[in-house]
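All figures in this text were calculated on a predicted structure; none of them were measured in a lab.
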Amino acid sequence: MLAASALELCARERLHVHAGAVRDEDVLRGHREGQSGASLRGLQRHQARGRRVRGTPSHPHDLAWQQRRYLVMPMSDELDPPAGHPGHGRLQYCDRAMIPASLARDIMQHKLDYPWQFELSPFQNGPLPLATSLCQRLYCGILIQRVSPENFIFLPKWMMRALGLKPRDEIVLKHRKLPAARQVKFRPLKRMKLSQPRAVLENELKHYSTVTRGSTVTFHYNGRLYEMIVEDVNAGRQGAVEAASIEDTDVTTEILQSVEEREKKAA
């Protein structure tokens with residue numbers, strides 16, 4: 001069950017959003033003021049137990065909640081978990097979305113299998129992707145330590161950039177059951193001057209729930225930013241896939257020659 005404080009926040013800060021109805025700073029302020037008791041304890045208990053409960057809705061109309069539209073906001077660094085928390089300093093270097101309490105409640109009520117993962121894509125009326133999009137869609141997990149105001153989803157800034165999103169753009173969120181990754185190949189943008197690059201990469205991947213082919217995984221290590229293109233995702237018997245889960249999964253990683261080195265070689 002969700003913590004009562006999360007549901008109270010949902011009711012107290014309920015925002016029936018229309019264009020221009022609230023300011024960005026109002027969204028962030030309302031979000032911050034409810035954080036003291038807004039942790040999703042029910043989700044945390046399920047995650048800690050590693051439960052996998054089967055509960056597919058029996059009626060087709062029950063599936064409608066699994067696809068929704070939200071307004072999107074970038075996560076700010078002030079929302080970073082406190083020092084000592086495993087996710088401290090990784091808020092912008094993960095693939096976890098901050099979701100409203102109503103969506104968290106639906107996850108619990110429908111008893112979805114863990115891990116809870118979603119497809120994200122910009123909302124558009126036409127069939128063509130946004131001109132500013134690097135990716136047509138990305139996949140993500142959820143941040144269970146905090147909740148966002150109703151009608152809003154908060155994303156790491158790199159996901160906003162990859163999807164070509166601006167604050168308060170509309171985004172479509174769909175629940176997805178992703179296959180487990182077995183092998184993922186990464187191509188660094190620049191040569192990695194590390195003695196054990198695979199060990200560093202695999203440690204940083206603990207903060208990611210999914211990998212999407214064509215996206216760029218980023219992380220900081222020893223004061224330096226590393227950017228890794230997801231070149232290939234293999235899900236075992238399913239072969240090459242667009243996206244896969246890497247949470248609670250034994251994944252083999254391979255680091256390919258960097259873009260920088262390949263371009264120098266070709267020159």
Side-chain angles (χ1 to χ4, degrees), residues 74-77 79-81 83-98 115 117 119-120 132-143 154-165 178-236 238-267:
M75 289 186 188
S76 62
D77 293 337
L79 300 178
D80 194 26
H85 188 279
H88 177 70
R90 299 308 205 294
L91 192 68
Q92 302 297 346
Y93 306 106
C94 69
D95 68 341
R96 308 211 179 241
M98 194 178 296
Q117 294 163 338
E119 175 189 320
L120 296 166
T132 55
S133 298
L134 300 177
C135 301
Q136 293 187 37
R137 57 184 166 266
L138 287 174
Y139 297 82
C140 69
I142 62 172
L143 190 70
F154 286 56
L155 295 179
K157 293 174 183 177
W158 76 266
M159 299 185 80
M160 298 276 292
R161 290 193 297 269
L163 292 170
L165 296 168
L178 295 176
R182 289 293 174 261
Q183 183 182 46
V184 184
K185 297 181 181 180
F186 296 89
R187 188 178 298 279
L189 292 185
K190 296 183 178 181
R191 187 168 71 88
M192 300 181 72
K193 299 177 181 180
L194 297 170
S195 58
Q196 296 181 311
R198 274 189 59 188
V200 173
L201 172 63
E202 290 175 1
N203 184 64
E204 294 299 326
L205 287 177
K206 294 176 183 177
H207 302 284
Y208 286 81
S209 178
T210 69
V211 284
T212 305
R213 188 178 62 239
S215 68
T216 302
V217 170
T218 63
F219 61 90
H220 257 114
Y221 183 76
N222 282 348
R224 183 177 178 181
L225 178 67
Y226 292 89
E227 298 175 284
M228 315 279 286
I229 300 171
V230 181
E231 191 92 356
D232 183 73
V233 182
N234 187 287
Q238 294 188 43
V241 294
E242 178 190 27
S245 172
I246 58 171
E247 190 161 355
D248 297 333
T249 303
D250 186 15
V251 184
T252 300
T253 60
E254 181 179 348
I255 299 178
L256 306 174
Q257 185 181 50
S258 70
V259 173
E260 178 184 52
E261 292 171 303
R262 189 170 60 173
E263 288 178 348
K264 285 183 179 180
K265 189 175 181 180

Kindly indicate whether the side chain of Leu143, heavy atoms from C-beta on, has any atom under 4.5 Å from the side chain of Phe154.
no
Shortest non-hydrogen contact between Ala181 and Val184, atoms and distance:
CB-CG2, 4.0 Å
Mind listing the closest non-hydrogen atom pair of Val241 and Arg213 along with its distance?
O-NH1, 2.7 Å
pair Leu120-Tyr139: side-chain heavy atoms closer than 4.5 Å
no
Distance (rounded to the nearest 0.5 Å) between Leu91 CG and His207 NE2
11.5 Å
Find out whether Ile246 and Tyr208 are in side-chain contact, i.e. whether some heavy atom of one side chain is under 4.5 Å from a heavy atom of the other.
yes
For Leu256 and Lys185, work out which heavy atoms get closest and say how close.
CD1-CB, 4.2 Å
Using side-chain heavy atoms (C-beta onward) and a distance below 4.5 Å, is Ile255 in contact with Pro188?
yes
Just how far is it from atom OG1 of Thr216 to atom CZ of Arg161, taken to the nearest 0.5 Å?
10.0 Å
In Å, rounded to the nearest 0.5 Å, how long is the span from CG of Leu178 to CD of Glu247?
11.0 Å
Does the pair Tyr226 and Leu201 meet the rule for a side chain to side chain contact (heavy atoms under 4.5 Å, CB included), with working shown?
CA-CA 9 Å; Tyr226 292 89; Leu201 172 63; over 6 Å; no
Backbone N/O of Gln183 and side chain of Asn234: donor-acceptor pair under 3.5 Å:
no
Close side-chain approach of Arg96 to Ser209, heavy-atom, < 4.5 Å:
yes
Which value, rounded to the nearest 0.5 Å, describes the distance between Met192 atom CE and Glu260 atom CD?
12.5 Å
Gap separating the NZ atom of Lys206 from the SG atom of Cys94, nearest 0.5 angstrom
15.5 Å
Return yes if some donor-acceptor pair links the side-chain N/O of Glu261 with the main-chain N/O of Arg191 below 3.5 Å, else return no.
no
Would Glu227 and Lys190 pass as an ion pair if we require N to O under 4.0 Å?
no
With rounding to the nearest 0.5 Å, note down the distance linking OG1 in Thr252 to CZ in Arg198.
7.0 Å
Has the side chain of Gln92 got a donor or acceptor atom that lies under 3.5 Å from a matching backbone atom of Met75?
yes
Arg90 side chain near Glu204 side chain, heavy-atom distance below 4.5 Å:
yes
Regarding Tyr93 and His220, do their side chains bring together a donor and an acceptor under 3.5 Å, going by distance alone?
yes
What closest approach, in Å, do Arg262 and Arg187 show between heavy atoms, and which atom pair accounts for it?
NH1-CZ, 3.4 Å
Where Glu242 and Val233 come nearest, the two heavy atoms and their spacing:
O-CG2, 4.4 Å
Atom of Ser215, atom of Leu138 and distance for their closest heavy-atom approach:
CB-CD2, 3.6 Å
Would you say Leu205 and Val217 make side-chain contact, with heavy atoms under 4.5 Å?
yes
Is the shortest heavy-atom distance from the side chain of Tyr221 to the side chain of Leu194 under 4.5 Å?
yes
